[in-house]
**Q** 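The following block contains the structure, expressed as structure tokens.
Chain letters run A, B, ... following the sequence lines, proteins first and then strands; every chain starts at 1.
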Amino acid sequence: MTLGITDRSITPAEVEASVAGPDAGAVVTFAGLVRDATHGRRVLRLEYEAYAPMAERVFAALITEARSRWPILRVAISHRVGVLQIGEVAVAIAVASAHRAEAFEACRFLIAAIKAQAPIWKREVFEDGSEWAQCHP
Amino acid sequence: MQIRILYFAAARDLAGCSTETVELAEGATAQTALNSALQRHPALRAIAPTLRLAVNETFATKETPLAADNQIALLPPVSGG
């Protein structure tokens, strides 16, 4: 089971493999990657920071909530911290279920809730400076 | 009683430190600890209205009571994912 904050490179296929199984007819995996621009400004890299033990508690609570709302089998969440270059994976979420609908819905719920609640922050490094990201669209 | 204050992201930048231990009177709440942090680091006032608080790794309100050796974290608006 992959669950938590890591300072090492995330491989979505590994996160996905950790939830697979003979009972899972569907695995939905979301990967959030570092994009080269935000609000029209060129981004050079991102620097992520987390309150790791609390973020992991939030992940666990959100998985419990997802389980109460959808009949899902297994969930894995991995979120990176440290300096990330363009194209690197910042977060990966995999949800396994018997059928696809609940895996899609639970995965969508989880990424939205993580962005809104988990104590994780990113500093956007631009060509002319850096700042903490203020919004999470 | 001793309380550990943790600063993250913009709060850490403005406070100039990531953690410190403060002495608060018995009966202190999360608000008491926040006030202490704002007094120590006036630069934090700029983002004070946006801060969420957590006590011992759980979201808290300003009324949440503190006990000795609790950890209170000052959390700016999150931006993970």
**Q** Distance from B:S79 atom OG to A:R123 atom CZ, nearest 0.5 Å?
**A** 10.5 Å

**Q** May I ask you to decide if B:G81's main-chain N or O and A:H79's side chain share a donor-acceptor pair within less than 3.5 Å?
**A** yes

**Q** Do A:V28 and A:F59 sit in one hydrophobic cluster, given that two such residues count as connected whenever their side-chain heavy atoms are within less than 4.5 Å of each other, even indirectly?
**A** no

**Q** Just wondering, more than 12 heavy atoms not from A:R100 lying within 6.0 Å of its CZ?
**A** no

**Q** Do A:I114 and A:L46 sit in the same hydrophobic cluster, where Ile, Leu, Val, Met, Phe, Trp and Tyr count as joined when their side-chain heavy atoms come under 4.5 Å apart?
**A** yes

**Q** Output the distance between atom CD (A:E49) and atom CZ (B:R12), rounded to the nearest 0.5 Å.
**A** 4.0 Å

**Q** Let me know if A:A50 has heavy atoms under 4.5 Å from chain B in its side chain, its backbone, both or neither.
**A** backbone

**Q** Can B:F8 be reached from B:L34 by stepping across I, L, V, M, F, W or Y side chains whose heavy atoms are under 4.5 Å apart?
**A** no

**Q** Which bit of B:D13 comes within less than 4.5 Å of chain A, counting heavy atoms only: side chain, backbone, both or neither?
**A** side chain

**Q** Where on A:A90 is there a heavy atom nearer than 4.5 Å to chain B: the side chain, the backbone, both, or neither?
**A** side chain

**Q** Which pair of non-hydrogen atoms, one from B:V78 and one from A:Q117, has the smallest distance, and what is that distance?
**A** CG2-N, 4.1 Å

**Q** Measuring heavy-atom distances to chain B, does A:V81 have an atom under 4.5 Å in its side chain, in its backbone, in both, or in neither?
**A** neither

**Q** Do you know which two heavy atoms are closest between B:G80 and A:K122, and how far apart they sit?
**A** O-NZ, 3.8 Å

**Q** Show the nearest heavy-atom pair for residues B:A54 and A:M54, with the distance to one decimal.
**A** CB-SD, 3.5 Å

**Q** When rounded to the nearest 0.5 angstrom, what is the spacing between CG in B:L75 and CH2 in A:W121?
**A** 4.5 Å

**Q** Under 3.5 Å, is there a donor-acceptor pair between the side chain of A:Y51 and the main chain of B:L6?
**A** no

**Q** Does A:R35 CZ have over 12 foreign heavy atoms under 6.0 Å away?
**A** no

**Q** How about A:F104: does its CZ atom have over 12 heavy atoms from other parts shown lying under 6.0 Å from it?
**A** no

**Q** Under a 4.5 Å heavy-atom cut-off, does chain A meet the side chain of B:T50, its backbone, both or neither?
**A** neither

**Q** Should we say atom CZ of A:R69 is surrounded by more than 12 heavy atoms from elsewhere, each under 6.0 Å from it?
**A** yes

**Q** Do B:L74 and A:I120 share a hydrophobic cluster (ILVMFWY, side-chain heavy atoms under 4.5 Å, transitive)?
**A** no

**Q** Is there a path of hydrophobic side-chain contacts, each under 4.5 Å between heavy atoms of I/L/V/M/F/W/Y residues, joining B:L14 to B:L38?
**A** yes

